[in-house]
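Quick notes on the structure that follows.
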2 protein chains.
Amino acid sequence: MSRWRPGARERLEEAAIELFVEQGFAATTVPQITARAGLTTRTFFRHFADKREVLFGGDEIPGMATRMIEQAPAGDDPMTVILDGLRAVTAARFEGRRDELRVRREIVRSDPGLRERDLRKRDSLRLAISAGFQARGIDPLRAALLAETAVMLLFVSFDEWLDQPGDRTLITIIEDALTALRQAIA
Amino acid sequence: MSRWRPGARERLEEAAIELFVEQGFAATTVPQITARAGLTTRTFFRHFADKREVLFGGDEIPGMATRMIEQAPAGDDPMTVILDGLRAVTAARFEGRRDELRVRREIVRSDPGLRERDLRKRDSLRLAISAGFQARGIDPLRAALLAETAVMLLFVSFDEWLDQPGDRTLITIIEDALTALRQAIA
DNA sequence: TACGTGATGACATCACGTGTCATCACGAGC
DNA sequence: GCTCGTGATGACACGTGATGTCATCACGTA
């Protein structure tokens, strides 16, 4: 038998989300989280840089984007690379998790600080995509525009996907959004 | 003679920026700022919600956007409304302030927390534009895409504008960026 | 058996941010 | 000219977030 129960990080994440739902993010203190998880305050900050990070841990989407842009066939058009990437990301990290992601979005929406962190995560993705395209020889301004477009398509469609009453897949909504975007800015 | 020297808010802003440049944002404490401004810590938080806000105060760009979309001629195409709006915003708040905005960008870039706040300000602009277009009868998804596009054009071009060695105006760079965007996603 | 390693606990400390009450200048109204 | 409301500030206390530092203990390895 170990001195400590394993899975400290996971227990902290679960306890935190439970408490955020029960009493709100701001009203939840780190000692409350660690008490429920059976750990100390100091240990919480060894696993998470700050209180918000417990909701955003383990998000490797920027890394996925970097790899997929690297490995895309050399001749592929950038928009093709983006759509293939979005197809892979949505399948791996979004489809089938709609209820869980709705709960998470509700928590994030309830607190401006969490909203800020969420936006920074999106910005990390933007940076990764932009750097990836620049590595393929695309000029910085064009790479930035492509990255912004990819992130816009993903998250505008993400909200639509969570809000819709039906069961359209996220990638379908993204493809329609791209069509609507082309028409809107023409 | 007043009991207090006037312009408390302005003095706090100046002292804060000086200290951020001298010793960095994180290393600067609120008591240091208020000591230089001749005020107390408590007064600082009466003028600014938190330490970061001292760099982002008085930014009424979302309000400008709301008004301009409201007052735009009914028959105008959304992209025309956006370009007219960007023309007005850049003239009022950007052109002629390049050096000052470069200093500010350098401070914001140096700290992840400031970067987060900056992204939230951009998000407020997004929300204002999206709401404005919805009020004109445009459906939510299309309004969101237009808002994202407008903000993308402004800030991608803003970085280009600050980085360029020459003197191209911001609105010129924005117009070129729109052309490049249309071509990139076609 | 001894030792290095890694995760955790225990404790101290600082800065951020807020609630609360007192203080004082200014202007409105009588 | 007096009183009183208003608004900005000072003064003080305090909870919480976040970090540095050292001790502790299980485990694996030689």
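All chains are named by letter (A, B, ...) in the order of the sequence lines, taking the proteins before the strands, and each is independently numbered beginning at 1.
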Treat primed atoms plus P, OP1 and OP2 as sugar-phosphate and everything else as base, then score nucleotides 10-20 of chain C 5' to 3': B for base contact with protein heavy atoms under 4.0 Å, S for sugar-phosphate contact only, - for none.
-> B----SSBBBB
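- Under the salt bridge (charged side-chain N to carboxylate O under 4.0 Å, His left out) criterion, the residue pairs touching residues 60-80 of chain B are B/Glu60-B/Arg93, with sequence neighbours excluded.
- Listed by first and then second residue, the ring pair (Phe, Tyr, Trp, His ring centres under 6.0 Å) pairs involving residues 166-186 of chain A amount to none (not counting sequence neighbours).
- For A/Glu13, there are no side-chain hydrogen bond (donor to acceptor under 3.5 Å, both in side chains) partners at least two apart in sequence or on another chain.
- Contacts between residues 106-119 of chain B and DNA chain D, defined by a heavy-atom separation under 4.0 Å, are absent.
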Between side-chain atoms of residues 143-155 of chain A and protein atoms elsewhere (two or more places apart, or another chain), which donor-acceptor pairs fall under 3.5 Å?
from: A/Glu148; atom 1: OE1; to: A/Arg126; atom 2: NE; distance (Å): 3.4
from: A/Thr149; atom 1: OG1; to: A/Leu145; atom 2: O; distance (Å): 2.7

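- Partners of A/Arg122 by side-chain hydrogen bond (donor to acceptor under 3.5 Å, both in side chains), not counting sequence neighbours, listed by chain and number: A/Asp118.
- Residue pairs meeting the side-chain hydrogen bond (donor to acceptor under 3.5 Å, both in side chains) criterion with at least one member in residues 23-40 of chain A, sequence neighbours excluded, are A/Glu18-A/Arg36, A/Glu22-A/Arg36, A/Gln23-A/Thr28, A/Gln23-A/Gln32, A/Thr40-A/Thr43.
- Checking the phosphate oxygens (OP1, OP2) of C/dT8, a side-chain nitrogen or oxygen of A/His47 falls inside 4.0 Å.
- In this view, B/Asp139 satisfies the side-chain hydrogen bond (donor to acceptor under 3.5 Å, both in side chains) rule with no residue, not counting sequence neighbours.
- Among residues two or more places apart in sequence or in another chain, the salt bridge (charged side-chain N to carboxylate O under 4.0 Å, His left out) test is passed with B/Arg120 by A/Glu116.
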List the atom pairs, donor and acceptor, that lie under 3.5 Å between side-chain atoms in residues 168-186 of chain B and the rest of the protein, sequence neighbours left out.
from: B/Arg168; atom 1: NH2; to: B/Asp176; atom 2: OD2; distance (Å): 2.5
from: B/Thr169; atom 1: OG1; to: B/Thr172; atom 2: N; distance (Å): 3.4
from: B/Thr169; atom 1: OG1; to: B/Thr172; atom 2: OG1; distance (Å): 2.6
from: B/Glu175; atom 1: OE2; to: B/Arg87; atom 2: NH1; distance (Å): 3.0
from: B/Thr179; atom 1: OG1; to: B/Glu175; atom 2: O; distance (Å): 3.2
from: B/Arg182; atom 1: NE; to: A/Ile185; atom 2: O; distance (Å): 2.6
from: B/Arg182; atom 1: NH2; to: A/Ile185; atom 2: O; distance (Å): 2.9
from: B/Gln183; atom 1: OE1; to: A/Arg142; atom 2: NH1; distance (Å): 2.7

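- Note on B/Arg105 versus B/Asp163: salt bridge recorded, some NZ/NE/NH1/NH2 to OD/OE distance being below 4.0 Å.
- One end of the helix from C/dT1-D/dA30 to C/dC30-D/dG1 points its axis 10° away from the other end's axis, with each axis taken from 5 pairs and the angle rounded to 10°.
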